[in-house]
Amino acid sequence: MDLDSKLSEVGRNLRSSLIRELLKFASVPGSISFGGGVPDPDTFPRRELAQIAQEVTEKEYKYTLQYNSTEGDDELATQIIKLLDRMYGIKDVKRDNIIFTTGSQQALDLVARILLDKDSICFVEFPVYLGAASAFRMTMTQFESIPLEDDGIDVDYFEKKLEELDNAGKRKNFRLLYTVPNFHNPAGVTMSLEKRKRLIEICDKYDIIILEDDPYGMLRFEGESLPSLYSLAGPERVILLNTFSKILTPGMRIGVIIGRADIVRKVNMAKQGADLCSPGLNQRIVARYLERYDVFEHLKPAIELYRGKKNTMIKALEENFSDIKGAHWVNPEGGLFIWLTLPDGFDTMEMFELAKAKQIYYIPGEAFTIDDGKSSSMRLSFCLPSEEKIIEGIKKLKEITVEYGKTKGLI
Ligand SMILES: *Cc1c(COP(=O)(O)O)cnc(C)c1O
């Protein structure tokens with residue numbers, strides 16, 4: 001059979017993710033990997049979850065082992081309503097503003113399905129969270145990338161771009177702007193309050209839905225937390241995505257969409273076609289966990305751990321990369337990532353071969369572009385390696401950078 005002649009347009013366009021390809025190398029013994037963007041498994045509350053799992057499987061089996069509703073567990077919804085108040089001060093969320101999804105990844109997929117067509121224009125940040133780009137691509141939408149600055153999305157560029165597209169008669173194709181406002185993946189940056197307000201004004205003016213993805217908001221190490229776009233503009237302008245992946249465990253695959261009831265209803269219909277419902281067992285385990293334990297308290301040691309590693313990486317970068325003219329990084333106030341940009345002319349994908357030979361792994365910036373464009377940046381995750389390995393790894397990364405830069409006549 002000639003598969004190519006059978007594939008759909010979407011099927012033909014599917015490519016394997018660069019990250020997944022690169023991460024294959026990262027588990028080689030002796031290597032130091034800044035690649036993986038996953039939480040430290042020792043932060044998962046495994047004993048508590050195991051005990052609750054046994055209990056709700058035995059005692060609540062009529063719910064937990066059965067099909068459940070597409071919108072998900074009402075008991076978890078009750079807990080989420082409380083959590084939204086504590087996290088963001090959001091108070092007026094009702095049951096019909098909430099739907100649980102199989103991770104935020106499914107939320108990205110379903111929201112894209114109900115909002116994006118082939119001729120739609122979807123605004124994303126540059127660099128972009130890869131999971132979102134993969135989900136949105138399934139709709140064959142057109143992308144417009146808006147650069148990120150150290151304090152979040154470049155609102156001036158965004159406004160100019162919108163004017164330009166509007167003048168070309170494309171306003172009717174504007175659909176959504178996707179943003180990760182806190183501790184961006186991969187860029188590590190946080191959108192300032194001023195920019196949050198301006199972004200809302202701009203999206204109001206052009207009637208663009210803001211899709212706010214906030215998996216890291218609760219992983220703040222330092223500084224003041226800022227109001228979410230959803231708390232500033234409400235469900236008329238913003239759809240808020242959250243997930244238990246980074247604050248509890250990704251293995252449960254529980255994400256949540258908070259939005260206008262009619263949007264949530266549409267997502268519900270799309271989800272029926274995707275997977276009928278998310279696992280009731282997992283949702284009930286998390287609901288009972290949130291009833292019994294304080295997730296903020298649970299996160300404290302994890303935050304301490306990540307803050308220590310982040311500070312170690314920042315210090316190592318300062319010690320090693322300060323003398324490379326044009327190298328740039330932002331000290332993140334939370335999350336899991338630092339985005340290191342090398343001087344113009346560096347190609348971190350090409351340099352990856354050198355790094356691989358020295359068993360140092362990072363994710364080349366190219367992985368976070370819409371068009372696989374060359375990039376002088378890389379994503380460094382500090383969450384998994386020990387502090388000693390971070391120091392050793394950044395030192396080696398500097399050697400690799402110098403070696404590559406000299407061969408290319410860049411430094
Ligand atoms: C990790 C992450 C998610 C979470 O995805 P899940 O499917 O909930 O595990 C969503 N968005 C961003 C930006 C992330 O980094």
Side-chain angles (χ1 to χ4, degrees), residues 34 36-40 42-45 83-90 125 127 129 148-153 179-197 199 212-232 240 242-248 250 294-322 327-341 362 377-391 393-394 397:
F34 301 129
V38 300
D40 185 331
D42 286 329
T43 67
F44 304 151
L83 206 56
L84 288 169
D85 188 10
R86 271 185 88 188
M87 284 166 78
Y88 304 108
I90 296 173
E125 291 159 319
Y129 171 55
L148 278 171
E149 300 177 298
D150 293 357
D151 59 350
I153 191 163
T179 178
V180 182
N182 294 316
F183 327 129
H184 191 272
N185 178 4
V189 301
T190 294
M191 199 190 306
S192 66
L193 181 58
E194 196 193 333
K195 281 195 170 175
R196 289 175 197 233
K197 291 180 176 161
L199 184 68
E212 176 178 30
D213 188 8
D214 190 27
Y216 302 106
M218 280 172 73
L219 284 182
R220 179 176 275 282
F221 316 142
E222 55 210 34
E224 287 282 305
S225 67
L226 296 171
S228 65
L229 293 159
Y230 186 98
S231 19
L232 292 171
L240 173 61
N242 220 305
T243 172
F244 287 100
S245 288
K246 312 291 161 46
I247 61 171
L248 201 62
D294 183 341
V295 71
F296 286 81
E297 282 302 315
H298 155 70
L299 271 177
K300 279 184 182 163
I303 288 174
E304 282 302 311
L305 177 77
Y306 295 148
R307 182 200 286 126
K309 290 185 179 191
K310 186 273 285 179
N311 286 336
T312 299
M313 186 176 277
I314 287 290
K315 191 157 164 275
L317 286 169
E318 279 163 3
E319 282 169 8
N320 289 284
F321 282 85
S322 291
H328 181 76
W329 60 91
V330 172
N331 188 349
E333 294 188 328
L336 304 177
F337 308 109
I338 294 173
W339 183 246
L340 171 63
T341 298
Y362 58 78
S377 303
M378 66 180 80
R379 189 186 78 177
L380 300 172
S381 170
F382 45 79
C383 53
L384 290 182
S386 67
E387 303 207 6
E388 296 78 65
K389 289 284 175 197
I390 290 174
I391 295 168
I394 296 295
L397 188 61

task: Give the C-alpha distance, both sets of side-chain angles, the deciding distance and a yes or no for side-chain contact (heavy atoms from CB on, under 4.5 Å) between Val189 and Asp151.
output: CA-CA 6 Å; Val189 301; Asp151 59 350; over 6 Å; no
Polar side-chain atom of [X] near backbone of [Y] as donor-acceptor pair, under 3.5 Å:
X	Y	value
Arg220	Glu224	yes
Ser381	Gly36	yes
Glu212	Tyr230	yes
Lys309	Pro385	yes
Arg196	Met191	yes

message: My understanding is that only residues two or more places apart in sequence, or in another chain, count here; which of them pass side-chain hydrogen bond (donor to acceptor under 3.5 Å, both in side chains) with Lys246?
response: Tyr216
message: Among residues at least two apart in sequence or on other chains, which ones pass side-chain hydrogen bond (donor to acceptor under 3.5 Å, both in side chains) with Tyr88?
response: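 Partners of Tyr88 under the side-chain hydrogen bond (donor to acceptor under 3.5 Å, both in side chains) test: Asp214, Asn242.
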message: One pair to check against side-chain contact (heavy atoms from CB on, under 4.5 Å): Asn185 and Leu336. What are the steps and the verdict?
response: CA-CA 8 Å; Asn185 178 4; Leu336 304 177; over 6 Å; no
Rounded to the nearest 0.5 Å, what's the gap from [atom1] on [X] to [atom2] on [Y]? Could you check?
X	Y	atom1	atom2	value
Phe34	Met378	CZ	CE	10.0 Å
Ile394	Leu317	CD1	CG	4.5 Å
Met87	Phe296	CE	CZ	6.0 Å
Tyr306	Phe382	OH	CZ	9.0 Å
Met218	Arg86	CE	CZ	7.5 Å
Asn320	Lys315	CG	NZ	10.5 Å

query: So, Lys300 and Glu297, do they make that salt bridge, N to O below 4.0 Å?
result: yes
Find out whether [X] and [Y] are in side-chain contact, i.e. whether some heavy atom of one side chain is under 4.5 Å from a heavy atom of the other.
X	Y	answer
Phe321	Leu397	yes
Leu384	Asp40	yes
Trp329	Glu318	yes
Pro332	Ile314	yes
Leu229	Pro181	yes
Trp339	Pro186	yes

Which heavy atom of [X] sits nearest to which heavy atom of [Y], and what is that distance?
X	Y	result
Val330	Ile338	O-CG2, 4.2 Å
Leu148	Ala187	CD1-CB, 3.7 Å
Gly217	Phe183	O-CE1, 3.9 Å
Phe44	Pro39	CE2-CB, 4.0 Å

task: Only counting residues at least two apart or in another chain, list the ones meeting ring pair (Phe, Tyr, Trp, His ring centres under 6.0 Å) with Phe244.
output: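 Partners of Phe244 under the ring pair (Phe, Tyr, Trp, His ring centres under 6.0 Å) test: none.
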task: Start with the C-alpha gap between Thr179 and Glu125, add the side-chain angles, then the distance that decides, and say whether side-chain contact (heavy atoms from CB on, under 4.5 Å) holds.
output: CA-CA 6 Å; Thr179 178; Glu125 291 159 319; 2.7 Å; yes
- prompt: Do the side-chain N and O atoms of Glu333 and Thr190 include a donor-acceptor pair separated by under 3.5 angstrom?
  reply: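 Looking only at side-chain atoms, Thr190 and Glu333 do not form any donor-acceptor pair under 3.5 Å.
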message: Quick check on side-chain contact (heavy atoms from CB on, under 4.5 Å): which of Asp85, Leu240, Leu83 does Ile90 satisfy it with?
response: Leu240
